[in-house]
Every structure is written in C-alpha cells, then in structure tokens.
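Because the structure is predicted, anything quoted here is derived from the model rather than measured. Chain letters run A, B, ... following the sequence lines, proteins first and then strands; every chain starts at 1.
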Amino acid sequence: METGFGKGCHLHLIDGSAFIFRAYHALPPLTRKSDGLPIGAVAGFCNMLHRYVEGNTGADAPTHVAVIFDKGSHTFRNDMYDLYKANREAMPEDLRPQMPLTREATRAFNIACKEMEGWEADDIIATLAVQAREAGGRCTIISSDKDMMQLVGGGVEMLDAMKNRRIDVDGVHEKFGVGPERVVDVQALAGDSVDNVPGAPGIGIKTAALLINEYGDLETLLDRATEIKQPKRRQTLIDNRAQIELSKKLVQLDENTPLDFTLEDLEVKDPEPEALMTFLAEMEFRTLSKRIADQIGVEAPVIADAPAKAADGAAADAPEDKPFDPEAYEWVKDRARLEDWAARAVAKGYVAVDTETTGLDDMVVDLVGVCLSIEPGEACYIPVAHKKGAADDLFGSEEMAEGQMSVDEVLEVLKPVLEDASVLKIFQNAKYDCKILKRYGVSVAPIDDTMLMSYALQAGLNRHGMDALSELYLSHQPISIKTLLGTGKSAITFDRVPIEDAVKYAAEDADITLRLWQKFKPQLHQQQVTTVYETLERPLSPVLAEMEMHGVKVDRDTLSRMSNAFAQKMAGLEAEIHDLAGENFNVGSPAQLGEILFDKMGLEGGKRGKNGKYSTGADVLEDLATENDLPARVLDWRQLSKLKSTYTDALQDHINPDTGRVHTSYVQTGANTGRLASTDPNLQNIPVRSEEGRRIREAFVAEPGKTLISLDYSQVELRILAHIADIEALKQAFRDGQDIHAMTASEMFDVPMEEMTPEVRSRAKAINFGVIYGISGFGLARNLRIPRGEAQDFINRYFERFPGIRTYMDDTKAFAKEHLYVQTLFGRKIHMPQINAKGPHAGFASRAAINAPIQGTAADIIRRAMIRMPEAIKDLPAKMLLQVHDELIFEVEDSAVDDTIAVARAVMEGAAEPAIKLDVPLIVDAGQGQNWAEAH
DNA sequence: CCTGTCACG
DNA sequence: GACGTACGTGACAGGG
C-alpha cells in the first residue's frame with residue numbers, strides 16, 4: 001500500500017554513477033570465474049549498496065529511496081554547447097558491460113532505479129529534491145559532486161558516503177564561499193575543467209565568490225562589470241559575457257525534468273531474498289551473498305565452481321577453487337593423528353603453517369595451538385593450551401580443556417618437520433610464527449611467506465594482511481578474530497576460545513595461506529619479481545626476526561629522570577601560557593589554542609582547515625612567534641609534550657621485563673617503496689634534530705663491556721639519483737668526494753666553491769632534496785620560506801644546469817603512466833594505480849612516481865647489506881640491532897669495535913654489487929659510543 | 001575512529 | 001592570483 005510523501009518523510013537519492021566509478025577505481029579488475037566477465041565495479045557497487053542499506057537504521061532512516069543513473073551521453077546541454085563534457089575520457093572498456101548490471105543490482109536490492117534519456121542524473125535528482133522539499137519532507141543526496149550543492153537548503157542536504165560527512169548550507173559556504181542559491185553563479189564564473197564548462201578565463205572559485213558576494217548575483221555583476229577596479233578582471237568579464245551566461249545554463253540543474261513516476265513510487269521496501277540471492281549467485285559473489293544471507297536469515301545460494309578450462313588444449317594449471325568448509329577441518333587430539341599429518345607434510349614437500357597465541361606481542365605471548373594445511377579445503381588444528389570454560393565463567397578456569405596434547409609432545413612430532421630442509425613451510429607473515437616457535441626451541445626453515453609474495457607482486461595495489469588478501473584473491477571473507485575474542489575490555493585471549501570454534505577459525509587461516517601461496521607462486525614469475533622476492537624479501541625476514549629478538553638495551557632511569565624534568569618545564573610553560581592568554585585552557589588542544597590565538601587575541605593569519613578549526617601547526621606558530629610570546633611558548637611546550645609522551649614515557653612501557661631491552665617490530669611490507677616500518681615502539685623516529693630531543697638517545701645504551709656502533713650511508717639517495725638520472729657533474733662530484741650541496745650551489749649560482757656561504761649552500765641542499773621528492777615551486781617556496789616565483793627560478797636554473805634530471809623525471813612519469821608501476825634498480829615494482837587519475841590525485845601520484853625508484857633503490861641496497869650481515873659478522877662478538885633507513889646500529893664487545901666497523905662498512909659499501917655496479921661510490925660513515933647519542 | 005600534530009629518514 | 005602540492009613512515013592527544 002502506498003502512502004503519500006509529505007512532512008516526516010525522508011527521501012534518499014543516491015548518485016549511481018558516483019557509486020559505480022568509485023567502485024571501479026577502488027577494486028582490482030575482478031572477473032567472474034565461470035566466464036571471465038569483468039565484474040569488479042558491480043561487486044564494489046553491491047558492497048557499497050549493501051553497506052548503505054545496513055547503515056539505514058535509527059530515526060534518520062529514509063522512508064523513500066532511489067538510485068539515479070545517467071542514461072546515454074547526449075543531453076540537452078550538448079545541444080547548447082557541443083563541447084560540454086568533451087574532455088571526458090571514454091569509459092574504460094571493461095566498465096561498459098558492467099553498466100546494465102549495476103541497474104540490475106539496484107533492482108535486486110529492491111531499490112527504485114531511475115534514469116532518463118536526454119537528462120543527466122543530476123537533473124532527475126534536482127527535480128526530486130525540489131518535489132520533496134515542496135511536499136514538506138526532507139531529502140538527502142548521497143553524492144559528493146559539487147554540481148549538486150546548488151540544491152542544498154530547506155531540508156535538502158548532501159552526504160558524502162565515503163567520508164560519511166554531511167554537507168549542509170555551511171558546507172556549501174565552505175566550498176564555494178556563497179550560499180547554495182548563488183552556487184551556480186560562482187560555477188558560471190569559475191567554470192569546471194572536469195565537465196569542460198568554460199567559465200571566465202583566469203577566474204577561479206575564490207575570485208568568483210568574492211565578486212558574487214560584492215555584487216549580489218551574476219546578472220548584476222555582469223551588468224556592472226565596468227565598475228570593477230582590476231583592469232584584467234574587468235576586461236575578462238566584459239569580453240566573456242556570453243560564455244559566462246552559457247556556463248551558467250550548463251551548470252544550472254533542471255528542476256522540472258518530466259518524470260514518469262512520483263515520489264510515492266520510491267517508498268523504501270525490504271529486499272526480496274529470492275531475487276537478491278539469485279542475482280548475487282549469478283554474479284558469483286560468494287562472500288557478499290553469504291554475508292547477506294546470514295543477515296537476513298536465508299540459506300546462502302550454492303555457487304558452482306568454475307569448470308577448469310583448458311587453454312589451447314593444454315591442461316589448466318590454475319588451482320581449482322574448492323569452497324571453504326569449516327566443518328571439514330580436523331581437531332587433532334592424539335599423537336597418532338598428528339603423526340599422520342606430519343607424514344603427509346613430509347610426503348608432500350610443503351605445508352602451510354599457522355600458530356595461535358595468547359596475544360600479539362611475539363616476545364611475550366604463549367603458544368596456544370598450531371594449524372597445518374596441505375590441500376586446499378583440508379586443514380587441521382592442534383590445540384595445546386586451551387583453558388576450560390570461558391563464556392559462562394567470568395574469570396575462566398585455569399584448568400586445561402579436554403582433547404589436547406602437551407606442547408612438548410606436539411613439538412616433538414612437528415619439530416623434525418618444521419626443521420626439515422626438504423619440507424617447505426608456508427606462512428602468512430612468517431616472522432611472527434617463527435619467533436614464537438624459536439622461543440619453543442624450533443628453528444623453522446625453509447620458508448615461503450604469502451605476505452611477502454603479495455608485497456613483491458602488489459606493492460601499491462593493496463595491503464598485505466591475510467583478511468585483505470583472502471577477500472581480494474580468494475573472494476572469501478575469513479572468520480574475524482573479533483567474533484571469537486570480542487573487543488575492548490571484555491575481549492578474551494585465544495586460549496579461552498572453545499576449541500570447537502578455534503578449529504574453524506585457526507584451520508581456516510592455514511587453508512587460506514595455502515591457497516594464496518598456490519595463487520601467488522606462479523605469479524612471481526609472470527610478473528618478473530621472483531628475484532625481488534627471493535633476494536630482497538624472503539631472506540630478510542629471519543634477519544629482522546633476529547634483530548627484534550635481540551632488542552636494544554634502554555635505561556629506564558635515564559628516561560624517567562628526563563620525564564620528570566620535562567614535566568616540570570611543561571608545568572612552568574603552561575602557567576606562563578595561561579597567564580599570557582588571560583585564561584586557563586588545554587594547551588594540548590589545537591581547537592582551544594586556535595580560538596585563543598585568533599578569536600580572543602585577534603592575531604592575523606588564522607586559517608581554518610576542512611573541519612572548520614583554525615590550523616595551529618608549527619609553521620603557523622613560528623610565524624606568529626616573531627611578534628608574540630604565547631605561540632613561542634606553545635611551540636616549546638609542544639616539543640616537550642611530544643618528547644615526554646611519545647618517548648620518555650612510552651618507551652619505558654616497552655622495556656621487556658624478561659630481557660630488560662626494547663624489542664621493536666619491523667613491518668617488512670609497511671612502506672610501498674621497500675623501506676621498512678618500525679612499530680611498538682617505532683625506533684626509526686627517535687629524536688635527533690633538536691638538542692633536547694637528541695638526549696633521548698642517551699638512554700639507548702650498550703651492555704657493560706660493550707659498545708654501540710652506528711654506520712650510515714652518506715647521501716645515499718642523491719648518489720642514486722646521480723646514477724639513475726646519469727648526471728655526469730653530480731657523479732664526478734661524488735667520485736671526487738666533494739661537498740655535494742656546495743657543488744650544486746656553485747653550479748647554480750655561479751659562486752666559486754671557495755666563496756660558498758652557508759646560506760647559499762643550504763638553498764642548494766633544499767633543492768637537492770626537493771628533486772628527490774618531485775620538486776614543485778610551491779613546495780620549495782614553503783620549505784625555504786621564500787616567494788614562489790623565486791623558488792620557481794631556482795628550479796628552472798637547476799634544470800638548466802642539470803638537464804638530465806628533468807629528463808629522468810619526465811621519463812619516469814611517462815613509464816609510470818604507461819605501465820602503472822615504477823621500478824628500482826633491483827627490479828622491485830611499486831605500483832602507481834593513481835598515476836593517470838585526474839584532479840588532485842594526479843600531482844601526488846606523479847611525485848610519488850619520481851621518488852619511489854630513488855627511495856626504493858636505497859631501501860633495496862640496505863636490505864642487501866642486512867641480508868649479508870649475519871654471515872659477515874658471525875665470528876665477531878657483534879649483533880645487528882636496529883635499522884633506520886640508511887643507518888645500521890650494532891652492539892659489539894669493546895675489543896672488536898674496529899673489526900666490526902671494518903667488516904660492516906665493507907658489506908654496506910659493497911651492497912649493490914654484484915647485481916648493480918653504481919657509477920658512484922657508496923660511502924658509509926661510522927660512529928661509536930656507550931650510547932646512541934655518542935655513536936650517531 | 002578520525003584528525004592534527006610532530007618525530008624520523 | 002585556477003587548483004593543490006614537496007617523498008616515505010608511526011605514535012599520541014583531543015574530540016565527536
């Protein structure tokens with residue numbers, strides 16, 4: 001039964017095309033298994049639609065809803081202006097066939113689906129929004145398209161579904177500087193490069209808003225254009241009047257589209273399970289259909305597996321995808337069954353292994369169980385430390401659950417297999433499991449690691465966690481650990497999970513790992529990254545494990561004394577700040593500080609960020625500090641606050657009670673360029689630049705009788721740039737051991753080296769770094785705090801003197817645009833899926849593309865050094881402890897300091913060879929001392 | 001959970 | 001005076 005649309009009703013209008021394009025760009029090019037039909041955009045679209053429907057609960061839920069699509073490419077706007085949207089790129093080939101399917105998907109979710117030949121979706125949305133408003137109801141437009149901001153107001157709002165941000169009249173003001181009713185005026189002037197709306201040349205949104213606010217509306221402005229003071233602006237408006245008026249017609253949405261339906265037709269309906277399931281099954285969306293089926297309480301459709309198709313008569317070698325069946329996993333309870341699994345692993349030559357533990361810190365947690373998988377769909381779980389009773393018993397029991405073997409017995413059987421050189425052990429993130437097993441006396445080898453394979457194959461395309469990989473490459477959503485453990489305060493540890501449940505979760509992980517391995521292994525060759533995986537990834541993992549387990553000694557007393565000193569200084573500064581402000585406030589709150597500075601004290605230069613708050617970053621405060629004491633004190637306070645909370649306080653909590661040392665964790669797949677990341681704690685950002693901060697390094701000490709040594713590559717990225725871009729002048733300077741920044745300065749500013757001043761040198765230094773980062777006039781200007789034009793002059797001069805750099809940058813960008821990835825000298829691929837994007841993403845991607853081969857090659861070189869290091873120093877009483885991108889830190893017995901420096905330096909300086917012979921020497925500087933501050 | 005801020009190379 | 005911009009990370013605090 002239909003009800004009328006009126007007061008109390010809430011209409012949702014979804015911009016269908018926006019959903020589709022977001023889905024298309026967010027997902028890899030998935031295809032339907034049975035016939036290879038491109039299906040990624042449909043999958044993403046359905047996920048978004050589903051997530052949207054799920055979110056529709058509570059008082060704000062819509063009563064009416066529709067998804068609106070564009071139909072055809074010719075609209076009445078093309079009749080007015082044949083270049084309208086003319087610079088749009090053609091729809092990607094693999095997206096076109098998915099268009100009708102997105103309509104089917106919408107109908108399958110039982111949501112009204114509307115489009116009209118000759119009108120854009122925006123016009124239909126405009127018409128419906130106005131109808132809803134006139135009927136006294138509300139309307140939410142789910143889109144972030146600024147073209148629709150003209151509709152906001154009077155009960156109409158927009159919602160950016162991805163950012164989950166509502167856009168109301170204030171939001172429109174923020175974007176356009178005018179209210180919704182004047183948005184078209186501003187757009188008419190500013191034009192729109194995306195839609196190819198011409199506007200007035202040389203006038204952007206800022207200027208347009210200024211003019212409209214001054215003259216009231218576009219027509220008045222154009223009529224009175226002769227009154228404008230700026231001659232250029234005045235002439236532009238007079239000369240381009242017709243074009244501006246046309247632009248307004250183009251951006252003005254048609255609120256009277258002749259619709260063949262009414263608001264009443266859009267009433268929200270529950271999905272009909274059968275229709276929805278049929279569609280999802282047809283698309284072969286296993287994960288989604290299962291998830292939705294579970295939620296609405298129906299049976300998930302059975303989706304047949306693809307027949308293994310033979311290509312060119314040859315047998316298909318793609319592993320056949322068996323369905324995931326948690327009931328098929330085995331709970332291993334006795335020695336006989338375990339020995340059977342062990343024997344099968346040995347016979348097969350490989351086995352996927354996963355360990356379950358009581359937590360995340362591999363230096364602390366206990367082993368709870370082990371899982372094995374040898375065939376897809378077949379896996380077992382061997383529990384060793386599950387406790388009795390969990391759910392019903394608040395404290396749990398300390399008694400062991402039934403059906404388990406002892407850890408000792410299990411490892412007695414598995415150790416020979418895990419250490420068997422002829423059996424490959426496959427892990428997802430082997431470093432974690434191997435460290436656990438090492439603590440139980442098992443040295444696992446040889447290994448493969450699906451996480452590292454994914455990193456070698458897909459860096460830049462996706463993250464490399466198991467859940468993400470399973471969804472992306474197996475279309476299977478694994479059981480979430482949270483469903484077993486809960487979250488927050490009430491979370492339990494894995495040893496409290498009932499074994500029946502643990503079997504399903506844990507064994508599935510081993511199953512997934514095995515399937516991913518089968519999928520990725522042939523890919524390594526096809527993508528030509530086998531060498532990267534085998535020489536830069538796999539062998540590094542055990543080296544990192546070793547470093548992490550060794551840890552670095554940190555002196556708690558030193559830190560604690562510093563904490564106290566910082567606290568005192570901060571208290572003093574805080575009192576001063578409150579005094580200067582004339583009121584008490586939270587100095588640590590940027591929001592409160594902004595109000596004090598710019599509202600209460602009325603200082604100039606307050607800029608609001610996108611959340612409407614004033615920006616109070618260090619650069620802002622530094623500018624203010626020249627005139628005022630308060631911002632200067634805040635800067636001091638902030639520095640101390642950072643040092644105290646992040647370093648002197650937090651670091652103490654990371655001292656392992658058993659070892660008295662700090663054990664960081666390196667994330668080998670953390671940075672797309674090949675760099676490592678360090679977490680828990682991050683030991684790659686210990687302060688060094690400020691005197692006060694550097695003292696924190698005094699707390700990193702050597703054991704008595706030992707010394708810390710630090711070796712770091714000198715200007716490694718610039719050397720690599722000189723080599724890759726083949727800049728003879730730079731290369732020669734490095735060969736001659738010259739001061740490279742001074743030499744650059746001399747070349748650029750025609751200053752003889754003897755007469756070089758620190759100021760000129762430091763400018764050249766900034767430019768040298770800028771080049772590595774993908775230089776821009778704006779960025780350099782900000783860095784050097786000089787006018788933009790001046791910065792641009794420097795850059796131009798730099799390119800004149802070193803034309804090879806410009807060539808390198810252009811070639812690298814072109815390569816990236818063609819191949820969608822860039823490469824290091826050692827063959828590491830860093831994917832750049834955004835490189836051909838339009839809009840603001842483009843700049844980011846192209847600078848990242850310029851930087852990645854340089855940063856990545858440097859990362860590869862130090863990796864090679866680290867991999868060779870254990871063998872090189874094995875006869876020395878020395879341990880490698882830390883890596884900080886271009887620096888390695890060792891702890892060594894006092895007697896062997898010089899020997900270790902000599903050996904480690906040789907390894908580091910020769911690390912590129914023999915794979916690559918650089919045209920420039922690599923130079924390593926060394927330091928030593930009782931603590932890191934002295935050694936660095 | 002997200003954002004701003006700031007520590008490092 | 002179109003637009004937004006240096007590259008790569010992780011941790012902490014505030015605030016909704």
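- Nearest nucleotide to the A:R847 side chain, out of B:dA7, C:dA6, B:dG9: C:dA6.
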List the steps, then state whether ring-ring contact (aromatic ring centres under 6.0 Å, His included) holds for A:F794 with A:Y798. CA-CA 6 Å; A:F794 288 172; A:Y798 188 94; over 10 Å; no
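- Note: CG (A:N851) to P (C:dC7) measures 8 Å, nearest angstrom.
- Using a 4.0 Å heavy-atom cutoff across all strands shown, A:A618 reaches sugar-phosphate atoms only and no base atom.
- Shown are A:D860, A:T857, A:T673; of these, the side-chain hydrogen bond (donor to acceptor under 3.5 Å, both in side chains) with A:T824 is made only by A:D860.
- Here the C1' atom of nucleotide B:dG9 and the CZ atom of A:R697 are 10 Å apart, to the nearest Å.
- Between A:R633 and A:E574 no salt bridge is recorded (no basic side-chain N to carboxylate O distance below 4.0 Å).
- Ion pairing between A:E692 and A:K642 fails under the 4.0 Å rule for side-chain N and carboxylate O.
- You'll find that the side chain of A:S776 is closest to C:dT5, out of C:dC7, C:dT5, B:dG9.
- Here A:I203 lies in heavy-atom contact (under 4.0 Å) with sugar-phosphate atoms only.
- C:dC3 and B:dA7 have their C1' atoms separated by 30 Å, given to the nearest Å.
- Ranked by how close their nearest DNA chain C nucleotide is to the 5' end, A:Q855 and A:K232 are led by A:K232.
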Encode nucleotides 9-16 of chain C as B, S and - characters from 5' to 3', where the letter depends on protein heavy atoms closer than 4.0 Å: B to the base, S only to sugar-phosphate, - to neither. SBBSSSS-
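- For A:M809 and C:dA6, the CE to C1' distance is 10 Å, given to the nearest whole Å.
- Residue A:Q639 is classed as a sugar-phosphate contact, given heavy-atom separations below 4.0 Å to backbone atoms only.
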Checking side-chain hydrogen bond (donor to acceptor under 3.5 Å, both in side chains) for the pair A:Q668/A:E537: CA distance, chi angles, key distance, verdict? CA-CA 8 Å; A:Q668 203 176 326; A:E537 303 300 343; 2.9 Å; yes
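- Rounded to whole Å, the distance from OH on A:Y666 to C1' on C:dG8 is 16 Å.
- Taking 4.0 Å as the cut-off between side-chain N and carboxylate O, A:R785 and A:D623 count as a salt-bridged pair.
- Sorted by first and then second residue, the side-chain hydrogen bond (donor to acceptor under 3.5 Å, both in side chains) pairs with a member in residues 585-597 of chain A form an empty list; sequence neighbours excluded.
- When every heavy atom of A:T812 is checked against every heavy atom of A:I850, the shortest pair comes out as CG2-CA, 4.2 Å.
- Using a 4.0 Å heavy-atom cutoff across all strands shown, A:R788 reaches at least one base atom of the nucleic acid.
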Dot-bracket summary - DNA chain C, pairs being Watson-Crick or G-U whose distances fall under 3.5 Å, with | when paired to another strand: ......|||||||||.
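- Across the P atoms, B:dC8 and C:dG4 are found 30 Å apart, a figure rounded to whole Å.
- Ionic pairing of A:R694 and A:E934 is not present here: no N-O contact between side-chain nitrogen and carboxylate oxygen is shorter than 4.0 angstrom.
- Base contact: A:R689 has a heavy atom under 4.0 Å from a base atom.
- Relative ring orientation between A:Y455 and A:H464 is described as perpendicular, the plane-to-plane angle rising above 60° on a 0-90° scale split at 30° and 60°.
- Here A:D886 lies in heavy-atom contact (under 4.0 Å) with sugar-phosphate atoms only.
- Residue-level contact check: A:A781 touches neither bases nor backbone, having no heavy atom under 4.0 Å from any strand.
- Across all strands, A:I772 comes closer than 4.0 Å to no nucleic acid atom at all (heavy-atom distances).
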